[in-house]
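This one's a predicted model, so the numbers in the text were calculated from it and none came from an experiment.
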Amino acid sequence: MIGIIIATHGDFSKGILNAAETIMGKQDNCEILTLFHETSVEDFADEMTEKVNNAFEESESVMVFTDLFSATPYNQAVLNGRNRNKEQYRVICGVNLPMLIEAFNQRMLQEDISTITEKAIEAGENGIDEFFNLMKEMDKE
C-alpha cells in the first residue's frame, strides 16, 4: 500500500485527514505533519525526513500532499525527494478533500503511484467550482 503523508501549515493536515477518515474510515500508512509558527524549519525538515523514511519502510512508494506550492512543507517534501526514485515518490501541492479521498480510493484499488497521482489531481481540480456556475451547466442540459 502506498504511503501517504499530509504536510501543511497549522492543523489543516489533521483536519483534512479527520474529514477523509470520517467519510472513508481509518487509513493505514498515512501520516500528518504540521508546521506551526513556532516550529523551526530545521525541526520540520527532520520530522519530514523521518516520516518519509518511515513510510518507505512500510511501502514501495510514497506520496506527500502539501497545502501550498513553494512554502516550507512543499519545499521540505521536494528536498526529501532529491535522492529518491522519481517513480516511487510524488509531491503534490494544493491538497483538498476530493483529492485526498480519490488518492485513498485509488490506493485501495492498488493502483500504481502514477495513476493515483493523476486521478487525485483530476479529482482535486474537478472538486472546485461555484454554485451558480454549476447551476448554469445544469440548465444547459
Side-chain angles (χ1 to χ4, degrees), residues 1-138 140-141:
M1 180 179 285
I2 291 174
I4 292 179
I5 299 168
I6 307 164
T8 67
H9 295 83
D11 283 325
F12 180 50
S13 58
K14 182 179 179 181
I16 198 167
L17 178 59
N18 179 274
E21 289 184 333
T22 297
I23 295 165
M24 300 193 63
K26 176 80 174 117
Q27 296 296 308
D28 293 329
N29 202 8
C30 182
E31 296 285 333
I32 61 168
L33 188 55
T34 56
L35 176 66
F36 294 104
H37 182 54
E38 62 274 5
T39 309
S40 73
V41 173
E42 294 80 14
D43 287 345
F44 188 84
D46 291 344
E47 191 173 358
M48 174 70 77
T49 300
E50 180 182 333
K51 298 242 185 214
V52 170
N53 288 340
N54 289 343
F56 270 113
E57 287 177 14
E58 299 282 324
S59 58
E60 293 179 7
S61 301
V62 174
M63 299 177 75
V64 182
F65 290 90
T66 68
D67 50 1
L68 293 171
F69 173 74
S70 200
T72 298
Y74 176 85
N75 292 341
Q76 292 305 316
V78 168
L79 288 172
N80 248 276
R82 286 182 304 192
N83 299 318
R84 300 193 188 273
N85 181 332
K86 290 175 181 40
E87 296 303 314
Q88 296 175 312
Y89 186 75
R90 296 289 196 285
V91 179
I92 302 166
C93 64
V95 65
N96 63 27
L97 192 54
M99 174 188 291
L100 194 56
I101 288 171
E102 187 63 27
F104 289 148
N105 277 327
Q106 294 300 316
R107 183 172 79 158
M108 285 189 307
L109 296 172
Q110 299 183 344
E111 292 290 351
D112 62 87
I113 195 166
S114 295
T115 301
I116 295 173
T117 300
E118 179 183 318
K119 291 188 177 197
I121 290 171
E122 182 180 323
E125 291 171 347
N126 290 337
I128 300 169
D129 214 325
E130 191 272 332
F131 174 75
F132 291 110
N133 287 336
L134 290 170
M135 296 309 296
K136 280 187 225 176
E137 291 299 316
M138 290 176 75
K140 289 178 186 177
E141 294 173 2

(Q) If I take atom CD1 from residue Ile113 and atom CD from residue Glu87, how far apart are they, to the nearest 0.5 angstrom? (A) 9.0 Å
Q | Heavy-atom neighbours of Glu130 CD exceed 12 at 6.0 Å | A | yes
Q. So, for Gln76 and Val41, which heavy atoms are closest and what is the spacing to 0.1 Å?
A. NE2-CG1, 3.8 Å
(Q) Please find the pair of heavy atoms, one from Gly127 and one from Pro98, that lie closest to each other, and give the distance. (A) CA-CG, 4.0 Å
Q: Look up atom CD1 in Ile5 and atom OG in Ser13, then write down how far apart they are to the nearest 0.5 Å.
A: 11.0 Å
**Q.** Greater than 12 external heavy atoms within 6.0 Å of Phe132's CZ
**A.** no
Q: Any chance you could lay out the side-chain hydrogen bond (donor to acceptor under 3.5 Å, both in side chains) test for Ser61 and Arg90, step after step, and finish with the verdict?
A: CA-CA 8 Å; Ser61 301; Arg90 296 289 196 285; over 6 Å; no
Q.
Applying side chain to side chain contact (heavy atoms under 4.5 Å, CB included), can you list everything that pairs with Phe56, at least two apart in sequence or on another chain?
A. Val52, Val62, Arg84, Gln88, Tyr89
Q.
Measuring only between side-chain heavy atoms, which start at C-beta, is Ile2 closer than 4.5 Å to Ile116?
A. yes
Q.
Suppose we screen for side chain to side chain contact (heavy atoms under 4.5 Å, CB included). Which residues come up paired with Met24, at least two apart in sequence or across chains?
A. Gln27, Ile101, Phe104, Asn105, Met108
Q.
Do Ile92 and Met99 have side chains that approach each other closer than 4.5 Å (heavy atoms only, starting at C-beta)?
A. yes
Q: Return the minimal non-hydrogen interatomic distance between Leu134 and Asp129, and the atom names on each side.
A: CD2-OD2, 3.2 Å
Q | Over 12 non-hydrogen atoms of neighbours within 6.0 angstrom of CD in Glu60 | A | no
For residues 44-51, run the donor-acceptor check on the side chains, cut-off 3.5 Å, and write out each pair with its distance to 0.1 Å, sequence neighbours left out.
from	atom 1	to	atom 2	distance (Å)
Thr49	OG1	Ala45	O	3.1
Thr49	OG1	Asn80	ND2	3.1
Lys51	NZ	Glu31	OE1	3.2
Lys51	NZ	Ile32	O	3.3

**Q.** Residue pairs fulfilling ring-ring contact (aromatic ring centres under 6.0 Å, His included) with at least one residue in residues 58-82, sequence neighbours excluded
**A.** Phe69-Tyr74
Q) Do NZ/NE/NH1/NH2 and the carboxylate oxygens of Lys140 and Glu137 come within less than 4.0 Å? A) yes
Q) Among all residues two or more places apart in sequence or in another chain, which pass the side chain to side chain donor-acceptor pair (under 3.5 Å) test with Asp43? A) Ser40
(Q) Donor-acceptor pair, distance only, cut-off 3.5 Å: does the side chain of Thr39 make one with the backbone of Leu35? (A) no
Q) How many angstroms lie between CG in Leu100 and CD1 in Ile23, if you round to the nearest 0.5 Å? A) 9.5 Å
**Q.** Pairs flagged by salt bridge (Lys or Arg N to Asp or Glu O under 4.0 Å) wherever residues 91-115 is involved - sequence neighbours left out
**A.** none
**Q.** Considering all heavy atoms, the nearest Ser59-Gly3 contact
**A.** OG-N, 3.1 Å
(Q) Does any part of the side chain of Ile6, heavy atoms only, come nearer than 4.5 Å to the side chain of Leu33, both counted from C-beta? (A) no
Q) Taking the side chain as C-beta and beyond, is there a heavy-atom pair between Asp67 and Cys93 under 4.5 Å? A) no
Q.
I want to check something: taking the side chain as every heavy atom from C-beta on, are Asn126 and Ile128 in contact at a cut-off of under 4.5 Å?
A. no
Q) Are side-chain heavy atoms of Ile16 and Leu97 found at a separation under 4.5 Å? A) yes
